[in-house]
Amino acid sequence: VNGIPLLFIELKATDVDVENAYTNNYTDYLDTIPQLFHYNAFLMLSNGFEAKIGTLGSKYEFFHEGKRLKEEDEGNVELETMLRGVCNKRTFLDLLENFVIFDHSEGRITKILSRNHQYLGVNRAVEAYRNREITKGKLGVFWHTQGSGKSYSMVFLARKINRKFAGSPTFVVLTDREELNTQISELFVNCGLLSGEAKNFIASSGQNLIDRLKENPPYIFTLIHKFNKPTAEPYTPDHDIILMSDEAPRTQNGIYAENMMRLLPTAHRIGFTGTPIFKDDNITTRTFGDYISIYDFKRAVDDHATVPLYYENRGEKLKELQSEAIN
C-alpha cells in the first residue's frame, strides 16, 4: 500500500501442511530479514486449499481462517475466499484502520486482528448505528456465543464509531456483576481506548452515574443496578448516548432497566449476549430490536473459535438414563 509492505503472504504446495509456512518459512524470514516486517499489518499463510491469517508475534494457534465474505455464507477455508475478503481494497484498509488493536493486558503487548466473525458482526452493528434514526434507539442484538470474543467486539465497535462518525457520543457499558464491570473496563484501558486507571471510568453510585452522564465522557462503565433513581429527571442531550449491554437478557429486565429507559429516553441500545434469546422473551426484543449478528455455538466450534463441550455419560445414580446415543 503506497509502497509499504503491509501484507506478507507465504504460499506452500497443496500437499504441504499450512503450519509448515509458519515454522519453516515465516520464522526464518523473521530471523534473517526482520526489516521486511517493520511495517507489517497482516501475515497470511496458505497452501491453496487452506488459508490462515494472523499478526506479528502471534503463535500459530492464534492464526485464524477468513472463511466468509458475508455472515450468512456457509464458509470456505480456501485461499480464494480469504483473498477476496482481506485483499479487497476497501476491506483491507478497514481492517488496518479499525480492526487491529494492541492489548497491554498481563504486562505485555499483544497485537490482535479481529476474527472473521467479529469483523462481519461489528460492521453490521456499525450499519445499524448509521441507520439509528430509523430504528429509534434499537440497534439490535449481537449474539456471539461464549468464548468467541464479545468483549473485543465491543472494543472494535466503540472505536470504529468514534473514528468514523461525527460528534462525541458517550458509550455506557452495562453489566450485572462487579467482576464483569471490572474486566471489561480494564480491557478498554488495556486496548488504549482510555488512559488512566479503569476505576476512574466506573460509576460509583446512582447519583454519580447521572452526574457523569451530564459531563459527556467518552465511556462510563456501570452495573445496571446503578440506575436506582426512579424520580430522576430524564436526560436528553444533544450528543448520542450508546448503551452497550453485556449479557443483554440479564441486564434489561426489571425496575432498574425501566429507570434507565426513563432517564435516557433518546439513547441508542445494543445488546450483547453469548446465548440465544428464548422465543418468548419479548422484553429483549422490545428493548434492543432483532438480531443484527448471529454467531452460534456450532459455527464457533466448526471455526475453532471456541472449544467444544462434551457430555460424560457417567450416571452412577441414574443408570436408567445411561445411553450410548448421548455424548
Calculate, to the nearest 0.5 Å, the distance between atoms OH and CG belonging to Y29 and L43 respectively.
-> 12.5 Å
Run the numbers on T287 and K138 for side-chain contact (heavy atoms from CB on, under 4.5 Å), then give the verdict.
-> CA-CA 7 Å; T287 304; K138 299 179 183 180; over 6 Å; no
Restricting to pairs with a member in residues 212-227, which pass side-chain hydrogen bond (donor to acceptor under 3.5 Å, both in side chains), not counting sequence neighbours?
-> N162-Y219, S168-N216, T170-N216, N208-R212, N216-H239
Side chains of Y152 and I101: does their closest heavy-atom pair fall under 4.5 Å?
-> yes
Output every pair passing side-chain hydrogen bond (donor to acceptor under 3.5 Å, both in side chains) with a member in residues 44-66, not counting sequence neighbours, ordered by first then second residue.
-> T55-S58
Please test V126 against F165 for side-chain contact (heavy atoms from CB on, under 4.5 Å), starting from the C-alpha separation and ending with a verdict.
-> CA-CA 10 Å; V126 169; F165 292 85; 3.9 Å; yes
Does the side chain of N20 pick up a donor-acceptor pair with the side chain of K12 at under 3.5 Å?
-> yes
Side chains of I292 and V141: does their closest heavy-atom pair fall under 4.5 Å?
-> no
Between R132 and D240, does at least one N-O distance fall below 4.0 Å, as a salt bridge requires?
-> yes
Is any side-chain heavy atom of S185 closer than 4.5 Å to a side-chain heavy atom of F201?
-> no
Less than 6.0 Å separating the ring centroids of F99 and F156?
-> yes
From CG (L7) to CE (M44), nearest 0.5 Å | 5.0 Å
E127 atom CD: more than 12 heavy-atom contacts under 6.0 Å | yes
Taking the side chain as every heavy atom from C-beta outward, state whether L243 and I270 have any pair of such atoms under 4.5 Å apart.
-> no
Could you give all pairs that pass the ring-ring contact (aromatic ring centres under 6.0 Å, His included) test and reach residues 69-97, with sequence neighbours left out?
-> F42-F92
Look at atom CD of E74 and say whether more than 12 heavy atoms of other residues, nucleotides or ligands are closer to it than 6.0 Å.
-> no
Beyond-backbone contact of S245 with F272, side-chain heavy atoms, under 4.5 angstrom | no
About how many Å separate CG of L187 and CZ of F221, when rounded to the nearest 0.5 Å?
-> 8.5 Å
Path from L193 to V189 over hydrophobic side-chain contacts below 4.5 Å | yes
Only one of E71, R124, H117, Q118 passes side-chain hydrogen bond (donor to acceptor under 3.5 Å, both in side chains) with S293; say which it is.
-> E71
CD (E233) with more than 12 external heavy atoms under 6.0 Å | no
List for me each residue that meets side chain to side chain donor-acceptor pair (under 3.5 Å) alongside D94, sequence neighbours excluded, and say none if there are none.
-> N98, Y119, N123, K160
Kindly indicate, with the supporting measurements, whether the criterion salt bridge (charged side-chain N to carboxylate O under 4.0 Å, His left out) is fulfilled by E72 and K70.
-> CA-CA 5 Å; E72 57 270 22; K70 298 177 182 178; 5.0 Å; no
Counting distance only, does the side-chain N/O of T81 pair as donor-acceptor with the main-chain N or O of V77 below 3.5 Å?
-> no
Does atom CD1 of I109 have more than 12 heavy-atom neighbours, drawn from other residues, nucleotides or ligands, at distances under 6.0 Å?
-> no
Does R163 CZ have over 12 foreign heavy atoms under 6.0 Å away?
-> yes
Can you tell me how far the CG atom of L174 sits from the CZ atom of R269, to the nearest 0.5 Å?
-> 11.5 Å
Would F102 end up clustered with I112 when hydrophobic side chains under 4.5 Å apart are linked, directly or stepwise?
-> yes
For atom OH of Y39, is the number of surrounding heavy atoms from other residues, nucleotides or ligands below 6.0 Å larger than 12?
-> no
Within the distance-only criterion (no hydrogens, no angle test), does the side chain of R68 pair as donor or acceptor with the backbone N or O of N116 below 3.5 angstrom?
-> no
Find out if a path of hydrophobic residues (ILVMFWY) with successive side-chain heavy-atom gaps under 4.5 Å connects L139 to I134.
-> no
Student check: side-chain heavy atoms of Y256 and L223 closer than 4.5 Å = no
Closest non-hydrogen atoms of N24 and T27, given as atom of the first, atom of the second and distance, are N-OG1, 4.3 Å
Within 6.0 angstrom of D238 CG, more than 12 heavy atoms from elsewhere = no
If you look at every heavy atom in N228 and G206, which pair is closest and at what distance?
-> OD1-CA, 3.3 Å
To the nearest 0.5 Å, how far apart are OH in Y291 and OG1 in T273?
-> 7.5 Å
Could you state whether I224 and I210 fall into the same hydrophobic cluster, counting links through intermediate Ile, Leu, Val, Met, Phe, Trp or Tyr residues with side-chain heavy atoms under 4.5 angstrom apart?
-> yes
T175 backbone acceptor or donor facing N181 side chain under 3.5 Å = no
Answer with yes or no after comparing the ring centroid distance for F142 and H144 against a 6.0 Å cut-off, counting only values under it.
-> yes
Does the distance from a Lys or Arg side-chain N to an Asp or Glu carboxylate O, for E247 and K150, drop under 4.0 Å?
-> yes
Hey, what do you get for CG (N25) to CG (D28), rounding to the nearest 0.5 Å?
-> 7.5 Å
If you look at every heavy atom in L95 and S114, which pair is closest and at what distance?
-> CD2-OG, 4.1 Å
Applying side chain to side chain contact (heavy atoms under 4.5 Å, CB included), name anything that partners L213, two or more places apart in sequence or on another chain.
-> V172, L209, I220, Y235, I241, L263, L264
E179/R177 ion pair, N-O < 4.0 Å = yes
Apply the test side-chain contact (heavy atoms from CB on, under 4.5 Å) to residues W143 and D296: give CA-CA distance (whole Å), side-chain angles for both, the deciding distance (0.1 Å), then the verdict.
-> CA-CA 7 Å; W143 168 29; D296 61 25; 3.8 Å; yes
Is there a path of hydrophobic side-chain contacts, each under 4.5 Å between heavy atoms of I, L, V, M, F, W or Y residues, that connects V86 with L56?
-> no
Is the closest side-chain heavy-atom distance between Q146 and T275 below 4.5 Å?
-> yes
Quick one: side-chain hydrogen bond (donor to acceptor under 3.5 Å, both in side chains) pairs with a partner in residues 187-200, sequence neighbours left out?
-> S105-N190
Give me the ring orientation class for Y22 and F63: parallel if the planes are under 30° apart, tilted from 30 to 60°, perpendicular past 60°.
-> perpendicular
